[in-house]
Amino acid sequence: DTVEDIEYENGRLDFDSDLMTLEHGVYLSVYDKDSFDLLYGRIPYGFAYDLPFENGNLRKITAGEVDYYVFDIEQNIEDQYPVLVRGIISISDAEQDFRYTMWLALILFPLLIFLTAGSFVGVVGRSSAESVAYCMLSLIPARFSVSVLFIVACFVSVAMGTSVGTITLLTPIAAAVSTASGFDLAFCVASVMGGAMFGDNLSFISDTTIAACNGQGCEMKDKFRENFWIALPAAVATLILILILSFQTEIQGRVIQPYHLTQVIPYVLVLIGGIVGINVFVVLLTGIVSGAFIMLIGGHTTPVEILKNMGSGVSGMFETCMVAILVAAMCALIREYGGFDALLGWIHKIFRGKKGGQLGMGLLVGTMDIATANNTVAIVMANPIAKEMAEEYGITPRKTASILDTFSCVFQGVIPYGAQMLVAISAVNELGGEISAFQIMPKLFYPMLLLVSSLITIMRGSDRTGA
């Protein structure tokens, strides 16, 4: 671009005034190749005019008390007049530009994933999740219906990456199971909510997973492996508890509805792709393409409907995207004015050692979730503080991401004013039923057992600091 601002006409060089503009803090100057006389441009105050020229070499030069990056390049203006062009920028300005670029990348990357995940959920739609549930309910005896609801909720939420979406889809089925079989309505709904939080915590396309992994700079598959051995014992214990309570209930009947098993294929592809470690965009695009193909070939929808559903899915993620941007800006201000240092100092006084640091992270994200009633927002807010805590206490990025995601799901899964609870209650009320949060909360076994499993994992771990 610099060369384009220089023209050679009638035996003389003509310079555009833009060369005098400090674009992105870069000082530009043009020299005669033979005499090394300054022809045009500007250099920082106190910087040497006679610094030797090194073509194509990036150097670090100190002038006075300021460090600069210097880059020289030789150019031939219109193949007639050779000149030397020098760019100079202070290292502090260069680092600031780099930080701005990194912040932009850290914000935009998860936003793109959010929107792509919204498209996937819009394509596969409600009927795919219902097919999974009705298939399993038709194959398994009625006494195991609530266990099936929990397992299906686990699978659907892992595949869809949304606990609220899973609860929205499966709560009507849970209500139908309760009516037909005689199981307690709160028991059925709580089982769906527990399974939904299992997937919210583990799914590769969950907004909480995306937020935690991007905030801590770890791979999703590494965070999954860290999380899996915390979530699995809690899920198994929950399933056993559900079975014990199920065998104490007198069964009246079962739910039988038609289903299309081919609609489950996109979920399976996304799940396998995530576990294998394929790029998240490739995984989601595979799910979108396969889902659209299956839905169109099967005559379950039309191209126009698919586009509308994709639009609805993307628009459903706009709120999360805006929150992520606003929280990132707010956290930058808090960091700039010493808020993080004050909070870290307070945490250091209370929590000591590696185990204490992990408990401090859990309490931090849990407190933020209670305040915001949104586990994704809680993770985004806690991320920068947790990252500094991880460096201080020697906790790995994947462990930090796992703790943030797990503890946020624990708190989000039980608070009576969270979106998950409100959606479940609303779905039951729309079907003519009646239920309250305080009826459901005592039966939310999975979040409670997940907390126990998390605490045991932390206490069993080493208290040595180090990567």
Side-chain angles (χ1 to χ4, degrees), residues 128-160 162-163 165-203 227-259 261 264 267-268 271 409-410 413-414 420-421 423-424 427-428 431 433 435 439-453:
S128 298
E130 290 177 344
S131 292
V132 177
Y134 288 133
C135 173
M136 295 192 70
L137 286 172
S138 67
L139 297 174
I140 298 174
R143 185 169 294 280
F144 300 97
S145 295
V146 182
S147 303
V148 169
L149 285 174
F150 176 73
I151 294 171
V152 170
C154 290
F155 173 79
V156 171
S157 58
V158 169
M160 290 181 63
T162 164
S163 56
T166 301
I167 293 168
T168 301
L169 297 175
L170 297 184
T171 298
I173 300 175
V177 167
S178 174
T179 302
S181 62
F183 284 111
D184 179 54
L185 178 59
F187 181 38
C188 295
V189 173
S191 298
V192 168
M193 290 183 63
M197 296 314 297
F198 173 87
D200 195 288
N201 183 213
L202 283 180
S203 175
N227 251 31
F228 184 76
W229 299 111
I230 300 173
L232 182 62
V236 171
T238 300
L239 186 59
I240 293 171
L241 189 54
I242 290 173
L243 286 171
I244 292 172
L245 294 175
S246 296
F247 275 90
Q248 298 175 0
T249 303
E250 185 177 344
I251 305 302
Q252 300 172 2
R254 62 188 301 177
V255 175
I256 299 178
Q257 293 285 346
Y259 57 87
L261 204 53
V264 182
Y267 288 144
V268 175
L271 188 58
C409 284
V410 167
V414 296
Q420 288 78 2
M421 183 71 76
V423 165
V428 171
L431 295 170
I435 196 171
Q439 290 175 290
I440 299 173
M441 288 171 65
K443 297 177 173 63
L444 289 168
F445 307 128
Y446 176 73
M448 300 175 191
L449 291 170
L450 181 62
L451 176 61
V452 173
S453 180

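Excluded from the calculations below are hydrogen atoms, water molecules and symmetry mates; all remaining heavy atoms, backbone and side chain alike, are included. What you see is a predicted model; the values in this text were computed from it and never measured.
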Closest approach of G194 and Y446, non-hydrogen atoms and distance? O-CD2, 3.3 Å
Under 3.5 Å, which donor-acceptor pairs do the side chains of residues 238-246 form with other protein atoms, sequence neighbours left out?
residue, atom, partner, partner atom, Å
T238, OG1, A234, O, 2.7
S246, OG, I242, O, 2.7

In the structure I gave you, are the side-chain heavy atoms of L444 and M421 within less than 4.5 Å of one another anywhere? yes
Of all the heavy-atom pairs spanning S163 and Q420, show the shortest one and how long it is. OG-NE2, 2.8 Å
Are F155 and F150 close enough that some pair of their side-chain heavy atoms sits under 4.5 Å apart? no
Check for a donor-acceptor pair, side chain of S178 on one end and backbone N or O of A174 on the other, with a separation under 3.5 Å. no
If we ignore hydrogens and angles and just use 3.5 Å, is the side chain of N227 paired with the main-chain N or O of N201 as donor and acceptor? yes
CH2 of W229 to OG of S453: how many Å apart, nearest 0.5 Å? 11.5 Å
Please list all pairs passing the salt bridge (Lys or Arg N to Asp or Glu O under 4.0 Å) test where one or both residues lie in residues 174-203, with sequence neighbours left out. D184-K443
Which distance, rounded to the nearest 0.5 Å, do you find between the CE of M441 and the CE of M193? 9.5 Å
Considering all heavy atoms of both residues, which atom of V410 and which atom of V414 are nearest to each other, and what is their separation? O-CG2, 3.5 Å
